[in-house]
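So the structure is just underneath, and the comments pick up after that.
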Amino acid sequence: MPKSPTKRRPITLASLADSALALFTERGFHATSISDIVQRAGLTRGAFYSNYRDKEELFLALYDARTDALLAGLREAAARLEPGQDPVDRFLAYIAGRTPQERQWFLVSMEFTLHAARNPAVAEALAAHEERLVRGLSEIFEETLARDGLRPVVATDDLTRLVMALSRGLTAVGLVQGAHAGTRDLAARVAPRLLSALTTTAVTEQPDGRPRHGHHPGEDDREDDREDEGAPDA
């Protein structure tokens, strides 16, 4: 007995998504046509247009799926953070093109971003989808910082956008310059200073009524370094 259109739809959507992602990765967004996508998926153009208006809408569906996977992974990573561990450093390490597939997705998404920059309607749509990513990351940052008694000195969404921009920049430099760029070490060096500069301790009340101050990740290490620098030679 053949499946009903309703039951077939998830299979069709998955086939279109897999086909599009593979082709966008191999050829690029612009070089891939709708005919290419449906041919690789073994479907008709009618199957495509019954689910998506155009190639841009299909890409945004891929973007949303990527956002869901990224946020789920980061929430899991944040839950494993020990007290005092830097959430910004872990965020950068988590998304900084760790695998060939992630690096390919970065290239595809950057090509689409440039496409959106030249097309206001596409830019508006992409911005709306990216806002969901910003909100999700901001929630993770707020919850993680609060566990260490910290809060951002700027709007959390602004901190999130800054960290996202840093991540994308480091990934781009790493793809172009490779190991010569030192991006892996750069992220580790920059993240603690960024967190220290853009967060402050949150004052809460202890059970005995005294104020409790938060603690910046790596603060003790930096204080030890300063003490060593000022200590007289033996």
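Just so it is clear, the values below take in all heavy atoms, side chains as well, and ignore hydrogens, waters and symmetry mates.
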Minimal non-hydrogen separation, Val134 against Met164, with atom names: CG2-SD, 3.9 Å

Hphob cluster co-occupancy, Leu107 + Leu58, side-chain heavy atoms under 4.5 angstrom: no

same_hphob_cluster(Met110, Leu126) at 4.5 Å side-chain heavy-atom cutoff: no

Ring centers of Phe29, Trp105 separated by less than 6.0 Å: no

Test salt bridge (charged side-chain N to carboxylate O under 4.0 Å, His left out) applied to Glu130 and Arg135, Arg161, Arg168, the passing residue: Arg168

Minimum heavy-atom distance between Ser19 and Asp36, given as atom pair plus value: OG-O, 4.3 Å

Nearest-0.5 Å distance, NZ of residue Lys55 to CZ of residue Phe24: 6.0 Å

Glu131 atom CD, neighbour heavy-atom count above 12 within 6.0 Å: yes

Residue pair Ala197 / Val153: nearest heavy atoms and the distance that separates them: O-CG2, 4.0 Å

Non-hydrogen atoms of Asp158 and Val154 that approach each other most closely: CB-CG2, 4.4 Å

Pairing of Arg80 and Glu76 as salt bridge, 4.0 angstrom limit: yes

Where Ser15 and Ala41 come nearest, the two heavy atoms and their spacing: O-CB, 3.7 Å

Distance-only side-chain donor-acceptor flag, Thr25 / Gln104, under 3.5 Å: no

Closest non-hydrogen atom pair, Ala78 against Arg147: O-NH2, 2.6 Å

pair Glu143-Arg75: side-chain heavy atoms closer than 4.5 Å: no

Thr160 versus Asp157, side-chain donor and acceptor atoms under 3.5 Å: no

Check: Arg151 and Leu145 side chains under 4.5 Å, non-hydrogen atoms: no

Within-4.5 Å side-chain heavy-atom neighbours: Leu150 and Thr144: no

Rounded distance (nearest 0.5 Å) linking atom CG of Leu23 with atom CZ of Arg40: 5.0 Å

